[in-house]
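Values reported hereafter were calculated over all heavy atoms of this structure, with side chains retained and with hydrogens, waters and symmetry mates removed. Letters go in sequence order (proteins before strands), and every chain restarts at 1. Here the structure is a predicted model, which is why all the values come from computation and not from measurement.
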Protein chains: 2
Amino acid sequence: MSSTVDAVAERANVSVSTVSRALRDMPGVSQETRKRVQNIARELGYVPSLAGSRLATGRTGAIAIVTPNLSKWFFGQVLASAGRVLRQAGFDVLLYELADTAARERFFAGSSLAGRADGVLIFALQPTPEELATLEAQNLPIAFLGSGTPGRSGVRVDDHGAGRAAARHLINLGHERIAFIGIREAADSTLGGVPPANRLKGYREALAEAGLEPGQDLEVHEENSTAGGSRAMSRLLCAEVAPTAVFVASDEMAFGVLRTLKAGGIDVPGDMSVIGFDNHELSEILDLTTMDHSVALQGSETARRLLALITPDAGAEPDLVLSAQLIVRGTTAPPFPLRGRRTATPA
Amino acid sequence: MSSTVDAVAERANVSVSTVSRALRDMPGVSQETRKRVQNIARELGYVPSLAGSRLATGRTGAIAIVTPNLSKWFFGQVLASAGRVLRQAGFDVLLYELADTAARERFFAGSSLAGRADGVLIFALQPTPEELATLEAQNLPIAFLGSGTPGRSGVRVDDHGAGRAAARHLINLGHERIAFIGIREAADSTLGGVPPANRLKGYREALAEAGLEPGQDLEVHEENSTAGGSRAMSRLLCAEVAPTAVFVASDEMAFGVLRTLKAGGIDVPGDMSVIGFDNHELSEILDLTTMDHSVALQGSETARRLLALITPDAGAEPDLVLSAQLIVRGTTAPPFPLRGRRTATPA
DNA sequence: CTGAAAGCGCTTACAG
DNA sequence: CTGAAAGCGCTTACAG
């Protein structure tokens with residue numbers, strides 16, 4: 001419907017080359033001509049056809065975001081924050097949710113992104129070597145969020161350190177039987193799976209350093225949901241010797257843990273300390289002690305790194321590794337015996 | 001990088017016209033030629049240039065989704081469900097988050113969608129007549145979610161009926177002082193504002209029908225967040241005569257309400273009944289009685305309606321008005337005096 | 001500073 | 001069933 005360069009050119013008595021240059025603030029156009037062309041373009045309501053310029057330049061002006069299950073809180077947050085940075089920079093955002101393995105395969109099967117995007121943001125899914133190869137074949141700049149692909153641009157969290165820190169907090173409180181509830185990926189999950197593993201490692205390391213025996217029955221893995229958390233906690237309650245504290249690899253699971261404990265009449269933090277991971281927007285409501293890992297920042301910084309890869313002037317930014325930070329709330333406390341001792345022996 | 005129609009044509013000893021037709025399963029190509037062309041295309045790793053076909057056909061193969069603040073739970077859910085339907089139908093999803101009024105103005109200022117999308121889904125924002133006009137000017141099919149634009153294709157919730165139902169539930173339990181906590185839009189909100197108003201109307205209507213006086217001090221409005229809910233509840237606790245029940249226009253606010261009540265030592269549902277609105281994924285954890293309004297369905301059905309507008313064969317589907325449904329959980333009960341009477345007088 | 005022309009990669013009447 | 005050609009709307013060397 002809207003007019004074309006030709007229409008503008010004719011009306012302004014110049015060539016289309018001049019129109020093109022004038023409208024894009026390119027050098028080689030006199031001030032006067034430029035002004036005139038711009039005014040006429042405005043009058044005519046001219047808006048350049050994206051398809052035309054894409055075909056001519058090969059640039060699309062769009063960035064693709066590839067994400068696992070969007071209905072999870074985390075991905076909504078990083079999508080929102082990354083999207084804002086990209087739009088700010090003038091890019092359109094193309095959204096690819098790979099909710100299950102079928103969608104993932106379909107996506108990586110073809111050159112899904114060819115001619116559609118100038119770059120791609122990959123959230124939390126660890127591409128296989130083959131997948132990475134097909135991505136490379138379309139040679140687009142890529143930035144990764146959360147998947148530890150060495151040598152690639154991106155942002156990730158020091159999950160190992162975070163796991164240690166969470167466990168340390170419980171150890172410092174005096175706990176000796178500390179359980180771990182980790183994320184078990186669903187069979188058709190599209191995630192990479194690296195971060196949870198590292199949280200577990202950090203936890204084990206802290207326990208070892210403190211001279212605590214990590215009982216196998218104190219590590220359970222479940223689906224990352226409130227229901228999964230509930231189930232995991234139920235299993236822990238059947239351990240030979242029940243733990244006095246539990247480190248849960250996601251806040252959502254921790255919510256399920258809290259529900260189960262409440263249902264079972266087990267006081268938190270009186271009988272059981274609980275620490276989550278995420279600083280989910282609702283963890284404050286539940287007064288959950290948790291590890292914050294700057295979720296919004298992860299999204300925006302990944303986007304910024306991709307932009308640095310695309311825009312020639314911006315220097316390449318190094319990978320960013322974020323440290324998680326303990327947020328102390330009301331679900332962690334010294335174990336019962338210690339609390340007793342302390343109140344009985346004022347310093 | 002990938003080869004072009006010309007390359008395929010040359011290799012197959014046919015014209016580009018034939019290649020184009022063969023690859024898109026158009027009539028007028030012999031089975032044999034078609035097969036041969038398709039094989040060669042595959043061998044060459046040919047993938048059609050989107051920019052080329054867009055320019056030639058005017059079709060983009062993309063749908064734009066325009067949404068308010070994406071980090072809100074509701075919008076993440078409807079985006080996810082709508083996106084799945086669109087991708088299933090072969091469309092790319094272009095995401096426009098209009099998080100504040102500035103973004104909204106920028107979006108509606110130009111013909112942002114011209115040449116970028118074949119249709120647009122508008123979530124929960126009520127376009128002004130001028131905005132609607134600029135949208136129309138780009139003449140794209142539009143489907144609305146949640147904004148009551150009469151005569152337009154879309155999906156919305158019967159908020160009026162839902163408000164009545166929620167209030168009825170409390171009335172039926174025997175409550176006589178029933179408060180309402182509504183959503184007050186932030187100054188730079190991009191939302192339309194229609195649904196909350198209707199929830200309030202339904203509430204008032206139910207009270208009137210039951211012969212209950214709706215005290216002005218029983219209606220408070222706050223920002224749609226847990227903090228807003230907390231503030232609103234605090235204000236209600238200062239009313240001349242405190243309510244015994246409260247209908248909260250969103251679950252997130254209701255979470256804040258529950259926190260405030262807990263902090264104040266007010267038992268739920270013993271001293272105060274609370275009913276929310278959304279059936280938020282975490283409302284079950286908090287055992288919150290609420291109104292479910294089929295959030296995922298809203299997204300997918302809006303997408304389906306847009307597709308019906310775009311694909312010629314599919315008949316136009318009528319607008320969909322969804323009824324909300326009460327989910328009874330643990331935060332609603334008869335008011336204290338009634339409970340007392342009932343236990344004292346066994347039937 | 002300005003313009004004529006080729007080219008980006010497709011699709012689609014039109015003719016055969 | 002197949003092909004030659006025009007056209008979609010831009011950008012960009014190249015020449016002046």
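- In DNA chain C, the stems built from three or more successive Watson-Crick or G-U pairs (distances below 3.5 Å) are C:1-3 with D:14-16, C:5-12 with D:5-12, C:14-16 with D:1-3.
- Within the structure, no pair that satisfies the ring pair (Phe, Tyr, Trp, His ring centres under 6.0 Å) test touches residues 29-68 of chain A, not counting sequence neighbours.
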Counting only pairs under 3.5 Å, give me each side-chain donor-acceptor contact of residues 4-11 of chain A, with atom names and distances, residues two or more places apart or in other chains.
| residue | atom | partner | partner atom | Å |
| --- | --- | --- | --- | --- |
| Thr4(A) | OG1 | Asp6(A) | N | 3.3 |
| Thr4(A) | OG1 | Ala7(A) | N | 3.4 |
| Arg11(A) | NH2 | Glu43(A) | OE1 | 3.4 |

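- Sorted by first and then second residue, the salt bridge (charged side-chain N to carboxylate O under 4.0 Å, His left out) pairs with a member in residues 53-79 of chain A read Lys72(A)-Glu252(A); sequence neighbours excluded.
- Applying the ring pair (Phe, Tyr, Trp, His ring centres under 6.0 Å) test to Phe108(A) and every residue at least two apart in sequence or in another chain returns nothing.
- Sorted by first and then second residue, the pairs that involve residues 122-135 of chain B and meet salt bridge (charged side-chain N to carboxylate O under 4.0 Å, His left out), not counting sequence neighbours, are Arg104(B)-Glu131(B).
- Of the residues in residues 15-33 of chain A, those lying under 4.0 Å from DNA chain D by heavy-atom distance are Ser17(A), Ser20(A), Arg21(A), Arg24(A).
- Checked options Leu94(B), Val120(B), Leu86(B), Asp92(B); the residue passing with Ile63(B) is Leu86(B) (criterion: side-chain contact (heavy atoms from CB on, under 4.5 Å)).
- For Phe123(B), there are no ring pair (Phe, Tyr, Trp, His ring centres under 6.0 Å) partners, not counting sequence neighbours.
- Listed for the Asp118(A) side chain is a donor-acceptor partner under 3.5 Å among the backbone atoms of Thr60(A).
- Residues from residues 34-48 of chain B lying near DNA chain C, meaning a heavy-atom separation below 4.0 Å, are Tyr46(B), Pro48(B) in numerical order.
- No donor-acceptor distance shorter than 3.5 angstrom exists from the side chain of Glu301(B) to the backbone of Val155(B), with no hydrogens or angles considered.
- Along DNA chain C, the stretch of nucleotides lying under 4.0 Å from any heavy atom of chain A spans, 5' to 3', dC1(C) to dG9(C).
- Side-chain atoms of Asn39(B) and Arg42(B) form a donor-acceptor pair, as typed in the model, at a separation below 3.5 Å.
- A ring pair (Phe, Tyr, Trp, His ring centres under 6.0 Å) check over residues 77-96 of chain A, counting only residues at least two apart or in different chains, returns the pairs Tyr96(A)-Phe107(A).
- The side-chain hydrogen bond (donor to acceptor under 3.5 Å, both in side chains) analysis of residues 22-33 of chain B, with sequence neighbours excluded, yields the pairs Ser20(B)-Arg24(B), Ser30(B)-Thr33(B).
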